[in-house]
Amino acid sequence: AQSVSQHNHHVILSEAASLELGCNYSYGGTVNLFWYVQYPGQHLQLLLKYFSGDPLVKGIKGFEAEFIKSKFSFNLRKPSVQWSDTAEYFCAVNIYNQGGKLIFGQGTELSVKP
Amino acid sequence: DAGITQSPRYKITETGRQVTLMCHQTWSHSYMFWYRQDLGHGLRLIYYSAAADITDKGEVPDGYVVSRSKTENFPLTLESATRSQTSVYFCASSPPPGTGGNTIYFGEGSWLTVV
(Lines give C-alpha, C1' and ligand atoms only; values in the text may rest on other atoms or scores of the structure.)
Protein backbone atom coordinates (compact mmCIF):
# COMPACT_ATOMS: atom_id res chain seq x y z
CA ALA A 1 0.00 0.00 0.00
CA GLN A 2 1.12 3.52 -0.67
CA SER A 3 2.42 5.41 2.33
CA VAL A 4 3.88 8.75 3.31
CA SER A 5 6.61 9.08 5.92
CA GLN A 6 7.53 12.17 7.84
CA HIS A 7 10.70 11.42 9.71
CA ASN A 8 10.58 14.18 12.28
CA HIS A 9 7.73 13.92 14.75
CA HIS A 10 8.63 16.97 16.80
CA VAL A 11 11.05 19.71 15.86
CA ILE A 12 12.05 22.52 18.19
CA LEU A 13 13.78 25.58 16.77
CA SER A 14 14.65 29.06 17.85
CA GLU A 15 13.39 32.03 15.88
CA ALA A 16 15.43 32.82 12.76
CA ALA A 17 16.69 29.24 12.50
CA SER A 18 16.31 27.44 9.20
CA LEU A 19 13.77 24.68 8.82
CA GLU A 20 13.70 21.52 6.78
CA LEU A 21 11.01 18.88 7.29
CA GLY A 22 11.41 15.58 5.52
CA CYS A 23 8.72 13.77 3.57
CA ASN A 24 9.06 10.57 1.59
CA TYR A 25 6.40 8.59 -0.20
CA SER A 26 6.24 5.09 -1.53
CA TYR A 27 4.80 5.03 -5.02
CA GLY A 28 6.61 4.79 -8.32
CA GLY A 29 4.07 6.47 -10.58
CA THR A 30 2.82 9.99 -11.06
CA VAL A 31 1.87 11.82 -7.90
CA ASN A 32 0.64 15.19 -6.78
CA LEU A 33 2.26 16.43 -3.58
CA PHE A 34 1.07 18.76 -0.87
CA TRP A 35 2.09 20.32 2.40
CA TYR A 36 -0.63 21.39 4.79
CA VAL A 37 -0.27 23.33 8.03
CA GLN A 38 -2.51 23.09 11.06
CA TYR A 39 -2.23 25.85 13.65
CA PRO A 40 -3.31 24.95 17.18
CA GLY A 41 -7.04 24.35 17.32
CA GLN A 42 -7.57 25.07 13.65
CA HIS A 43 -8.24 23.15 10.46
CA LEU A 44 -5.72 22.24 7.80
CA GLN A 45 -4.61 24.94 5.40
CA LEU A 46 -2.73 24.40 2.19
CA LEU A 47 0.87 25.65 2.30
CA LEU A 48 1.95 24.59 -1.15
CA LYS A 49 1.47 21.95 -3.79
CA TYR A 50 3.29 20.31 -6.64
CA PHE A 51 1.59 18.91 -9.71
CA SER A 52 4.15 19.25 -12.49
CA GLY A 53 6.86 21.51 -13.87
CA ASP A 54 9.50 23.21 -11.75
CA PRO A 55 10.28 20.83 -8.88
CA LEU A 56 10.94 23.74 -6.54
CA VAL A 57 7.62 25.16 -5.48
CA LYS A 58 6.99 28.21 -3.37
CA GLY A 59 4.08 28.53 -1.03
CA ILE A 60 2.63 30.98 1.39
CA LYS A 61 4.47 32.55 4.33
CA GLY A 62 7.92 32.01 2.85
CA PHE A 63 7.76 28.22 2.68
CA GLU A 64 9.08 26.23 -0.23
CA ALA A 65 9.44 22.56 -1.07
CA GLU A 66 11.51 20.59 -3.50
CA PHE A 67 10.30 17.51 -5.30
CA ILE A 68 13.11 15.03 -5.93
CA LYS A 69 11.60 12.23 -7.95
CA SER A 70 14.62 9.94 -7.69
CA LYS A 71 14.43 10.09 -3.91
CA PHE A 72 10.62 10.01 -3.68
CA SER A 73 10.92 13.07 -1.49
CA PHE A 74 9.15 16.39 -1.06
CA ASN A 75 10.91 18.21 1.75
CA LEU A 76 9.58 21.45 3.17
CA ARG A 77 11.95 24.33 3.86
CA LYS A 78 11.95 27.82 5.27
CA PRO A 79 15.11 29.91 5.62
CA SER A 80 14.11 31.69 8.82
CA VAL A 81 11.26 30.55 11.05
CA GLN A 82 9.11 32.75 13.23
CA TRP A 83 7.29 32.05 16.45
CA SER A 84 4.03 32.19 14.46
CA ASP A 85 5.15 29.15 12.46
CA THR A 86 4.51 26.98 15.50
CA ALA A 87 2.06 24.41 14.15
CA GLU A 88 1.74 20.89 12.90
CA TYR A 89 2.80 20.21 9.34
CA PHE A 90 1.46 17.42 7.18
CA CYS A 91 2.82 16.08 3.95
CA ALA A 92 0.27 14.44 1.66
CA VAL A 93 0.29 12.59 -1.61
CA ASN A 94 -2.39 12.10 -4.21
CA ILE A 95 -1.88 9.20 -6.58
CA TYR A 96 -2.62 10.30 -10.12
CA ASN A 97 -5.59 8.51 -11.64
CA GLN A 98 -6.61 6.95 -8.34
CA GLY A 99 -9.25 9.43 -7.37
CA GLY A 100 -8.90 12.60 -5.40
CA LYS A 101 -8.07 11.17 -2.01
CA LEU A 102 -4.95 12.21 -0.14
CA ILE A 103 -2.64 9.95 1.81
CA PHE A 104 -1.16 11.82 4.75
CA GLY A 105 2.01 11.47 6.68
CA GLN A 106 1.84 11.33 10.46
CA GLY A 107 2.64 14.99 10.82
CA THR A 108 5.52 16.96 12.28
CA GLU A 109 4.94 19.24 15.21
CA LEU A 110 7.07 22.36 14.97
CA SER A 111 7.69 24.45 18.06
CA VAL A 112 9.48 27.75 17.56
CA LYS A 113 10.93 29.38 20.65
CA PRO A 114 10.93 33.18 20.72
CA ASP B 1 -18.15 32.66 1.20
CA ALA B 2 -19.11 29.74 3.44
CA GLY B 3 -16.93 27.17 1.70
CA ILE B 4 -17.13 23.97 3.65
CA THR B 5 -18.92 23.79 6.96
CA GLN B 6 -19.19 21.05 9.53
CA SER B 7 -21.68 20.55 12.32
CA PRO B 8 -21.67 20.05 15.17
CA ARG B 9 -18.24 21.44 15.92
CA TYR B 10 -18.16 19.78 19.34
CA LYS B 11 -20.09 16.75 20.51
CA ILE B 12 -20.03 14.49 23.55
CA THR B 13 -21.97 11.27 23.25
CA GLU B 14 -22.32 7.98 25.06
CA THR B 15 -21.10 4.60 23.94
CA GLY B 16 -23.66 2.86 21.78
CA ARG B 17 -25.45 5.95 20.59
CA GLN B 18 -25.80 6.90 16.96
CA VAL B 19 -24.13 10.14 15.96
CA THR B 20 -24.22 11.98 12.65
CA LEU B 21 -21.67 14.57 11.65
CA MET B 22 -22.82 16.89 8.91
CA CYS B 23 -20.74 18.37 6.12
CA HIS B 24 -21.89 20.95 3.59
CA GLN B 25 -19.90 22.61 0.80
CA THR B 26 -20.91 25.49 -1.41
CA TRP B 27 -18.39 25.00 -4.22
CA SER B 28 -20.18 22.17 -6.05
CA HIS B 29 -17.02 20.10 -5.76
CA SER B 30 -17.60 16.59 -6.97
CA TYR B 31 -15.25 14.94 -4.49
CA MET B 32 -15.88 14.88 -0.75
CA PHE B 33 -13.96 13.14 2.00
CA TRP B 34 -14.09 12.30 5.68
CA TYR B 35 -10.86 12.02 7.63
CA ARG B 36 -10.22 11.40 11.28
CA GLN B 37 -7.21 12.87 13.06
CA ASP B 38 -5.64 11.06 15.98
CA LEU B 39 -2.39 11.67 17.80
CA GLY B 40 0.36 9.60 16.26
CA HIS B 41 -1.68 8.64 13.22
CA GLY B 42 -1.99 11.87 11.30
CA LEU B 43 -5.12 11.98 9.17
CA ARG B 44 -6.70 8.77 8.02
CA LEU B 45 -9.35 8.53 5.35
CA ILE B 46 -12.66 7.04 6.49
CA TYR B 47 -14.82 7.35 3.38
CA TYR B 48 -14.87 9.39 0.23
CA SER B 49 -17.26 10.17 -2.57
CA ALA B 50 -16.51 11.00 -6.18
CA ALA B 51 -20.03 12.26 -6.91
CA ALA B 52 -23.59 12.09 -5.67
CA ASP B 53 -24.63 8.49 -4.96
CA ILE B 54 -21.04 7.25 -5.33
CA THR B 55 -19.14 6.45 -2.16
CA ASP B 56 -16.13 4.30 -1.38
CA LYS B 57 -14.25 3.10 1.67
CA GLY B 58 -11.03 4.63 2.81
CA GLU B 59 -8.43 3.32 5.20
CA VAL B 60 -10.58 3.08 8.36
CA PRO B 61 -14.27 2.66 7.40
CA ASP B 62 -15.41 0.21 10.07
CA GLY B 63 -18.17 1.56 12.32
CA TYR B 64 -19.04 4.40 9.97
CA VAL B 65 -21.70 4.94 7.33
CA VAL B 66 -21.91 7.70 4.73
CA SER B 67 -24.39 8.85 2.14
CA ARG B 68 -24.30 11.38 -0.66
CA SER B 69 -27.79 12.05 -1.96
CA LYS B 70 -26.87 15.63 -2.89
CA THR B 71 -23.57 16.92 -4.24
CA GLU B 72 -23.22 19.51 -1.50
CA ASN B 73 -23.81 17.26 1.53
CA PHE B 74 -21.80 14.33 2.84
CA PRO B 75 -22.96 13.22 6.30
CA LEU B 76 -20.96 10.74 8.35
CA THR B 77 -22.82 8.48 10.77
CA LEU B 78 -21.41 6.49 13.62
CA GLU B 79 -24.00 3.76 13.96
CA SER B 80 -23.06 2.73 17.49
CA ALA B 81 -20.36 4.98 18.89
CA THR B 82 -17.36 3.46 20.64
CA ARG B 83 -14.65 5.11 22.73
CA SER B 84 -12.12 4.37 19.99
CA GLN B 85 -14.09 6.72 17.76
CA THR B 86 -13.22 9.68 19.98
CA SER B 87 -11.37 11.85 17.51
CA VAL B 88 -11.37 15.01 15.47
CA TYR B 89 -13.23 14.54 12.21
CA PHE B 90 -12.45 16.61 9.15
CA CYS B 91 -14.63 16.86 6.10
CA ALA B 92 -12.98 17.94 2.87
CA SER B 93 -13.86 18.54 -0.75
CA SER B 94 -12.11 18.97 -4.06
CA PRO B 95 -12.84 19.31 -7.76
CA PRO B 96 -12.21 16.20 -9.87
CA PRO B 97 -8.58 15.27 -10.47
CA GLY B 98 -7.15 17.14 -13.42
CA THR B 99 -9.36 20.21 -13.04
CA GLY B 100 -8.42 23.12 -10.81
CA GLY B 101 -5.35 21.31 -9.63
CA ASN B 102 -7.05 18.75 -7.44
CA THR B 103 -6.44 20.72 -4.25
CA ILE B 104 -8.44 19.43 -1.30
CA TYR B 105 -10.05 21.96 1.00
CA PHE B 106 -10.81 21.14 4.62
CA GLY B 107 -13.58 22.07 6.97
CA GLU B 108 -12.88 23.30 10.47
CA GLY B 109 -13.33 19.93 12.11
CA SER B 110 -15.75 18.25 14.48
CA TRP B 111 -14.43 17.27 17.89
CA LEU B 112 -16.22 14.10 19.01
CA THR B 113 -15.85 12.56 22.45
CA VAL B 114 -17.43 9.19 23.20
CA VAL B 115 -17.80 8.47 26.92
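All chains are named by letter (A, B, ...) in the order of the sequence lines, taking the proteins before the strands, and each is independently numbered beginning at 1. All figures in this text were calculated on a predicted structure; none of them were measured in a lab.
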Discussion item. Would you say that A:Leu102 contacts B:Tyr48 through its side chain, given a criterion of any heavy-atom pair below 4.5 Å between the two side chains?
Written reply: no

Worksheet item: Is A:Phe34 reachable from A:Leu44 through a run of I, L, V, M, F, W or Y residues, each pair having side-chain heavy atoms under 4.5 Å apart?
Response: yes

Worksheet item: Distance from A:Lys101 atom NZ to B:Asp56 atom CG, nearest 0.5 Å?
Response: 7.0 Å

Practice prompt. With a 4.5 angstrom heavy-atom cut-off, could you sort out which part of B:Gln37 is near chain A: side chain, backbone, both or neither?
Written response: side chain

Worksheet entry | Hydrophobic cluster membership, A:Val57 vs A:Val4, 4.5 Å side-chain cutoff | yes

Worksheet item: Should the heavy atoms of other residues, nucleotides or ligands under 6.0 Å from CZ of B:Arg9 be counted, would the total exceed 12?
Response: yes

Worksheet item: Side chain of A:Tyr36, backbone of B:Phe106: donor and acceptor closer than 3.5 Å?
Response: no

Discussion item. Between A:Phe104 and B:Arg44, is there a side-chain heavy-atom distance shorter than 4.5 Å?
Written reply: no

Worksheet item: Do B:Tyr31 and B:Val66 share a hydrophobic cluster (ILVMFWY, side-chain heavy atoms under 4.5 Å, transitive)?
Response: no

Worksheet item: Are B:Tyr47 and B:Leu43 connected in the hydrophobic side-chain network, where two residues link if heavy atoms are under 4.5 Å apart?
Response: no

Worksheet item: Could you state the interatomic distance from CD (A:Gln106) to NE2 (B:His41), rounded to the nearest 0.5 Å?
Response: 7.5 Å

Worksheet item: Is B:Tyr89 reachable from B:Met22 through a run of I, L, V, M, F, W or Y residues, each pair having side-chain heavy atoms under 4.5 Å apart?
Response: no

Worksheet, complete the sentence: When the 4.5 angstrom heavy-atom criterion is applied to A:Gln38 and chain B, the contacting part is side chain

